[in-house]
Amino acid sequence: MRGVHGLRGAVRVEVLTDQPEQRYAAGSVLHREGSDEPLTIASAEPVADGPGWRLRFREVADRSAADTLRGAYLEAVAFPERDLARGEYYWHEVLGTTVRDVDGAELGTVRDVYRVAETEVFEVTGGPFGTFELPAVRAFIRVFAPRRGEIVVDADALDLRAPRERGPAAERPRAPRRRTSKAKAAQAKRET
């Protein structure tokens, strides 16, 4: 929850859902993160002068009650079987999923999910290629079934390479030393 609006207990929320019209429909129930107490939406509307939505809850009567929600995340009970179409997943379902190549070799585990424009990107860690980013597009992903714990990718299409190992410091070339103005002056004095 981003802030309070007016004296009647309306709040301004940042939208973290792809379907705010459905999620914030009158009568829908949200919960403060970590709480089972319901917050029933009495009214909801997109904010005209900026991002977010303005919500009023039946249980929040005034500004001081709304102020107790400031900074809190509001959650909804999710029903993936009912709320999502075939092939759609919540991000938390993808986290921790093992990623393998088409030959069955383990490439790592999804550690993070973020969005770039309209595409989700999975950060994969813990495998032989180190940390790499996996765009959620068909050109790379052959099987996407996080509820089964399975993501299969075309490692060749991703052009994955093992991270280079650094050799001992003695084997690396050294950069030439720079001379300070004092050293240059001393050198010039010796040459004269």
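None of these values were measured; they are calculated from a predicted model.
When the salt bridge (Lys or Arg N to Asp or Glu O under 4.0 Å) test is applied to D159, the partners found at least two apart in sequence or on another chain are R161. With sequence neighbours left out, R111 forms a salt bridge (Lys or Arg N to Asp or Glu O under 4.0 Å) with E123.
The structure places CG of L55 at 7.0 Å from CG of L30, a figure rounded to the nearest 0.5 Å. Within the model, atoms CD of E93 and CZ of R147 stand 4.0 Å from one another, a figure rounded to the nearest 0.5 Å. Between the CG atom in L39 and the CG atom in L69 there is a gap of 6.0 Å [rounded to 0.5 Å].
The heavy-atom pair separating P146 from T97 by the smallest distance is CB-OG1, 3.7 Å. V99 and L134 get closest at one heavy-atom pair: CG1-CD2, 4.4 Å. Residues T119 and A136 come closest through the heavy atom pair CG2-N, 4.0 Å. Here the shortest heavy-atom pairing between A66 and A10 reads CB-O, 4.3 Å. The shortest heavy-atom contact between A157 and A139 is CB-O, 3.9 Å. Of all the heavy atoms in A42 and A26, the pair that sits closest is O-CB, 3.8 Å.
Residue pairs meeting the ring-ring contact (aromatic ring centres under 6.0 Å, His included) criterion with at least one partner in residues 109-137, sequence neighbours excluded, are F122-F144. For residues 42-61, the ring-ring contact (aromatic ring centres under 6.0 Å, His included) pairs, not counting sequence neighbours, are Y24-W53. Under the side-chain hydrogen bond (donor to acceptor under 3.5 Å, both in side chains) criterion, the residue pairs touching residues 25-47 are T40-E59, E45-R54, with sequence neighbours excluded. Counting only residues at least two apart or on different chains, the salt bridge (charged side-chain N to carboxylate O under 4.0 Å, His left out) pairs with a member in residues 126-145 are R142-D154.
With hydrophobic clusters built from ILVMFWY side chains whose heavy atoms lie under 4.5 angstrom apart, V143 does not share a cluster with V137. Note on V15 and I41: same hydrophobic cluster, where clusters join Ile, Leu, Val, Met, Phe, Trp and Tyr whose side-chain heavy atoms are under 4.5 Å apart, directly or indirectly. By the rule that hydrophobic residues join a cluster once side-chain heavy atoms approach within less than 4.5 Å of another member, Y89 and W91 end up as members of one cluster. Linking ILVMFWY side-chain heavy atoms closer than 4.5 Å, directly or via other members, places F140 and L160 in a single hydrophobic cluster. By the criterion of side-chain heavy atoms lying less than 4.5 angstrom apart, applied directly or through intervening Ile, Leu, Val, Met, Phe, Trp or Tyr residues, V152 is not grouped with L95; the two fall into different hydrophobic clusters.
Although no hydrogens or angles enter the test, the distance criterion places a donor-acceptor pair under 3.5 Å between the side chain of D101 and the main chain of D103.
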- Report the C-alpha distance between V94 and E120 in whole Å, list the side-chain angles of each, state the deciding distance to 0.1 Å, and finish with yes or no for side chain to side chain contact (heavy atoms under 4.5 Å, CB included). CA-CA 11 Å; V94 179; E120 275 81 25; over 6 Å; no
- Task: Any chance you could lay out the side chain to side chain contact (heavy atoms under 4.5 Å, CB included) test for V60 and V11, step after step, and finish with the verdict?
- Result: CA-CA 10 Å; V60 179; V11 298; 5.6 Å; no
